*Asks:* 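Take this structure, written in structure tokens, and hold onto it; I'll ask about it next.
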Number of protein chains: 2
Amino acid sequence: MRSKHYATKLRQLILEYLMQDASRTVTAKDIYEHLAAHDASISRTTIYRYLDKLVREGRLLKNSTDGGKTACYLYEHEPDCGHHLHLRCGQCGKVTHLDCQEAENFIQHVLQEHDFTLHCGSFILYGVCHACKMQQALSQG
Amino acid sequence: MRSKHYATKLRQLILEYLMQDASRTVTAKDIYEHLAAHDASISRTTIYRYLDKLVREGRLLKNSTDGGKTACYLYEHEPDCGHHLHLRCGQCGKVTHLDCQEAENFIQHVLQEHDFTLHCGSFILYGVCHACKMQQALSQG
DNA sequence: TTGCGTGCAAAGGTTTTGCATGGCA
DNA sequence: TGCCATGCAAAACCTTTGCACGCAA
């Protein structure tokens, strides 16, 4: 279902950056700064347009950081959009892929009992991970 | 833990509006327009500041509409922040409160097995409800 | 040559901030 | 009187759009 497209250097760079660490979500700004730091000048417009395209093709999950406002993206190595949930720690930014039975069951339950189809954008849940909780506890005495 | 505050007419109006229908999420714009329609002039600044306060106090869930960008809010009648999930239909805007055992189990599983504490902002999941799915199917022939 | 990709500049929209004033307790 | 609440205007941000040019196939 992928529309026709050309291989360009900029897109390759963006994609590499997105794929490089599937345990982080990325913002348009992150990409801009990353490319800038690597001497690749790029316009924000190009970034947004390419991200949009990837989202439409289902290769990227689009979501928002906890507060709202800024959109963030997560590369889906298995582009079966909507088959597993993710947990993202708001402090260290790490993303855990929930491929356990419980998550599976929950999604099925929502779909069957509540007759509700989850949107891809809701496949990232936010919170705080174990490591950050510990650190927080320590720093609070 | 509620900080000192004064009862003012504007805040009362905002709160009434938020409480009036716990099956919808509301944006700052909604509030602005609602009050304007009821001859209550208010500044957007005031709305944002009050919403922030309510979120900090845990009486409101802050989230983003599907795309991101605009924040939306949901009044929590039981301010035990983090005890049940909600499903929000992106088309009709209706919010279903998931107070079933499965949701409960899932949250517990995430907390215990993955050692991950969900953030209040993630207690709203987005998707499409039954009614809207049907309508969509019909309109597509 | 065709049609996608890109950049620039400008617009659009939401949210935040600084500062002065108004109002509750 | 002491804070908190409010409004205005401006700023800060993120994202989108229109248009012209560049470039892969």
Side-chain angles (χ1 to χ4, degrees), chain A residues 1-18 25-36 38-57 59-74 93 121 124, chain B residues 1-18 25-36 38-57 59-74 90 93 121 124 126:
Chain A
M1 211 56 163
R2 202 127 109 219
S3 59
K4 200 189 310 183
H5 73 292
Y6 302 152
T8 68
K9 178 128 189 211
L10 286 176
R11 294 195 164 188
Q12 187 189 322
L13 287 172
I14 294 178
L15 204 50
E16 272 170 10
Y17 179 63
L18 288 168
T25 52
V26 159
T27 65
K29 192 183 167 203
D30 290 337
I31 296 175
Y32 184 79
E33 289 172 354
H34 174 79
L35 291 211
H38 287 65
D39 302 317
S41 102
I42 190 173
S43 138
R44 286 163 217 278
T45 306
T46 303
I47 297 175
Y48 283 114
R49 283 201 269 237
Y50 187 42
L51 289 176
D52 247 33
K53 186 183 167 76
L54 291 175
V55 169
R56 264 183 281 115
E57 289 172 357
R59 302 171 68 190
L60 220 52
L61 284 184
K62 180 178 185 179
N63 210 295
S64 310
T65 45
D66 313 49
K69 198 157 191 180
T70 309
C72 66
Y73 302 83
L74 181 66
I124 305 179
Chain B
M1 211 58 164
R2 200 127 111 218
S3 59
K4 201 189 306 183
H5 73 291
Y6 301 150
T8 69
K9 178 130 190 208
L10 287 175
R11 295 197 162 185
Q12 186 189 323
L13 288 172
I14 294 178
L15 205 50
E16 272 170 11
Y17 179 63
L18 288 168
T25 52
V26 159
T27 64
K29 193 182 168 204
D30 290 337
I31 296 175
Y32 184 79
E33 289 171 353
H34 174 80
L35 291 210
H38 288 65
D39 302 318
S41 102
I42 190 173
S43 138
R44 287 163 216 275
T45 306
T46 303
I47 296 174
Y48 284 113
R49 283 202 268 236
Y50 188 43
L51 289 177
D52 247 33
K53 186 184 167 78
L54 291 175
V55 170
R56 265 182 281 117
E57 289 172 356
R59 303 171 68 190
L60 220 51
L61 285 183
K62 180 177 184 178
N63 210 295
S64 310
T65 44
D66 312 51
K69 201 159 187 176
T70 309
C72 66
Y73 302 83
L74 182 67
I124 306 179
Y126 295 89

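Every chain is numbered from 1, with letters handed out A, B, ... down the list of sequences. Reckoned from all heavy atoms, side chains included, excluding hydrogens, waters and symmetry mates. Just so it is clear, the structure is predicted and the values come from calculations on it, not from any experiment.
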*Asks:* To the nearest 0.5 angstrom, please state how far the CZ atom of R59(A) sits from the CG atom of L51(A).
*Replies:* 12.0 Å
*Asks:* Map T8(B) and I42(A) onto DNA chain C by nearest heavy atom, then report which one ends up closer to the 5' terminus.
*Replies:* I42(A)
*Asks:* How close or far is atom P of dT6(D) from atom CD1 of I47(B), stated in whole angstroms?
*Replies:*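 It works out to 10 Å between those atoms.
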*Asks:* What's the closest nucleotide to the Y48(A) side chain, out of dA25(C), dT15(D), dT6(C)?
*Replies:*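 Between dA25(C), dT15(D), dT6(C), the one nearest the side chain of Y48(A) would be dT15(D).
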*Asks:* Side chain of L10(B) only, heavy atoms from C-beta on: which candidate in dT15(D), dG7(D), dG7(C) is closest?
*Replies:* dG7(D)
*Asks:* Round to the nearest Å and state the distance from D30(B) atom CG to dG13(C) atom C1'.
*Replies:* 14 Å
*Asks:* Establish whether the base of dC8(C) is bridged to the side chain of T45(A) by a donor-acceptor pair shorter than 3.5 Å.
*Replies:* yes
*Asks:* Output the rounded distance in Å from NZ (K9(B)) to P (dG7(D)).
*Replies:* 13 Å
*Asks:* Rounded to whole Å, how long is the line connecting atom CG of D52(A) with atom C1' of dC4(C)?
*Replies:* 15 Å
*Asks:* Starting from P on dG23(C), measure out to CD on Q12(B) and report it in whole angstrom.
*Replies:*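 The answer, rounded to whole Å, is 17 Å.
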*Asks:* Does R44(A) put a side-chain nitrogen or oxygen below 4.0 Å from OP1 or OP2 of dC8(C)?
*Replies:* no
*Asks:* Using only heavy-atom distances, decide whether a donor-acceptor pair under 3.5 angstrom links the side-chain of R49(B) to the base of dG7(D).
*Replies:* yes
*Asks:* Can you name the closest pair of heavy atoms from A40(B) and L13(B) and give their distance?
*Replies:*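 Between these two residues, the closest heavy atoms are CB-CD1, 3.8 Å.
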*Asks:* Could you tell me the separation between the CG atom of L54(B) and the P atom of dA5(D), rounded to a whole number of Å?
*Replies:* 11 Å
*Asks:* Using modelled atom types only, decide if a donor and an acceptor are shared between the side chain of D30(B) and the backbone of T27(B) within a distance under 3.5 Å.
*Replies:* yes
*Asks:* Nearest to the side chain of Y6(A), heavy atoms from C-beta on, is which of dG3(C), dT14(C), dT6(C)?
*Replies:* dG3(C)
*Asks:* Taking atom CG of L54(A) and atom NE2 of H5(A), what is their separation to the nearest 0.5 Å?
*Replies:*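 L54(A) atom CG to H5(A) atom NE2 measures 9.0 Å (nearest 0.5 Å).
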*Asks:* To the nearest Å, how far apart are L13(A) CG and dG5(C) P?
*Replies:*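 Distance, rounded to whole Å: 16 Å.
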*Asks:* Write down the distance between OH (Y50(B)) and P (dC4(D)), rounded to a whole number of angstrom.
*Replies:* 16 Å
*Asks:* Over all heavy atoms of both residues, which pair between I47(B) and A28(B) is shortest? Give the atoms and the distance, please.
*Replies:* CD1-O, 4.0 Å
*Asks:* Taking only side-chain nitrogens and oxygens of S43(B), does any of them come within less than 4.0 Å of OP1 or OP2 of dC8(D)?
*Replies:* no
